[in-house]
Q: 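Sharing a structure with you now.
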Amino acid sequence: MLSKKIEAALNAQIEIESMSSQTYLAMASWAETQGLSGTAAFLYRHSDEERMHALKLIKFVNERGGHAMVPALKQPQKNYKDTTDIFRSLLEHETHVTSTINQVVDTCLKEKDYTTHNFMQWYVSEQIEEEALARTLIDKLKLIGGDKGGLYLFDRDLQGLTTAEADGAEGKA
Ligand code: OFO
């Protein structure tokens, strides 16, 4: 059985993961309107993954005797300057998500809820991969600079790249 404190912390995390999904969906839509079809495909998949992160939490809360709340969400940012702007803001968002996950882990330890602590470790590792991938992509964009051919290849390579490939992202995007 979850304590009220842990239930509230997990519900707050459900909202954050849902917001991640919405944010990446908005980024995907913007990229698609700019003809950046590879970037859009990557972000649509990323949005789906974040929805799965929220769903995993919803199921866990309910299985442990709590009540998972489906949150109302704010409209995410609609427009971006360019691809670099997208990945910078994605990294900023993920860094924030990492800190909220760490807070949940901290609350688990304080509440001596080792089951939830164990469950949250999956999110801890996931964040390492997602942040690493965002950093790799930003580094590549820095190298490309304003080179249109380079940007074309960058977008094309994102077509098949998933966040799960973060560890091997070097040389793929
Ligand atoms: Fe990328 O945030 Fe979920 O965990």
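Indexing begins at 1, ligand by ligand and atom by atom, following the structure's order.
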Q: Excluding sequence neighbours, so at least two apart, what forms ring-ring contact (aromatic ring centres under 6.0 Å, His included) with His93?
A: Tyr24

Q: Can you sort out the partners of Tyr44 under ring-ring contact (aromatic ring centres under 6.0 Å, His included), two or more places apart, ordered by chain and number?
A: none

Q: Check whether Asn11 reaches the backbone of His67 with its side chain - one donor and one acceptor, N or O, closer than 3.5 Å.
A: yes

Q: Any atoms of ligand 1 less than 4.0 Å from a non-hydrogen atom of Tyr123? List them with their elements.
A: 4 (O)

Q: Check whether more than 12 heavy atoms from other residues, nucleotides or ligands sit under 6.0 Å from atom CZ of Arg51, and answer yes or no.
A: no

Q: Give me the number of protein N, O or S atoms whose distance to atom 1 (Fe) of ligand 1 is under 2.8 Å.
A: 4

Q: How would you list, by chain and number, every residue that makes a side chain to side chain contact (heavy atoms under 4.5 Å, CB included) with Glu92, sequence neighbours excluded?
A: none

Q: Dump the intermediate steps for salt bridge (Lys or Arg N to Asp or Glu O under 4.0 Å) on Glu49 and Arg45, then the final yes or no.
A: CA-CA 6 Å; Glu49 278 174 30; Arg45 280 195 302 276; 5.9 Å; no

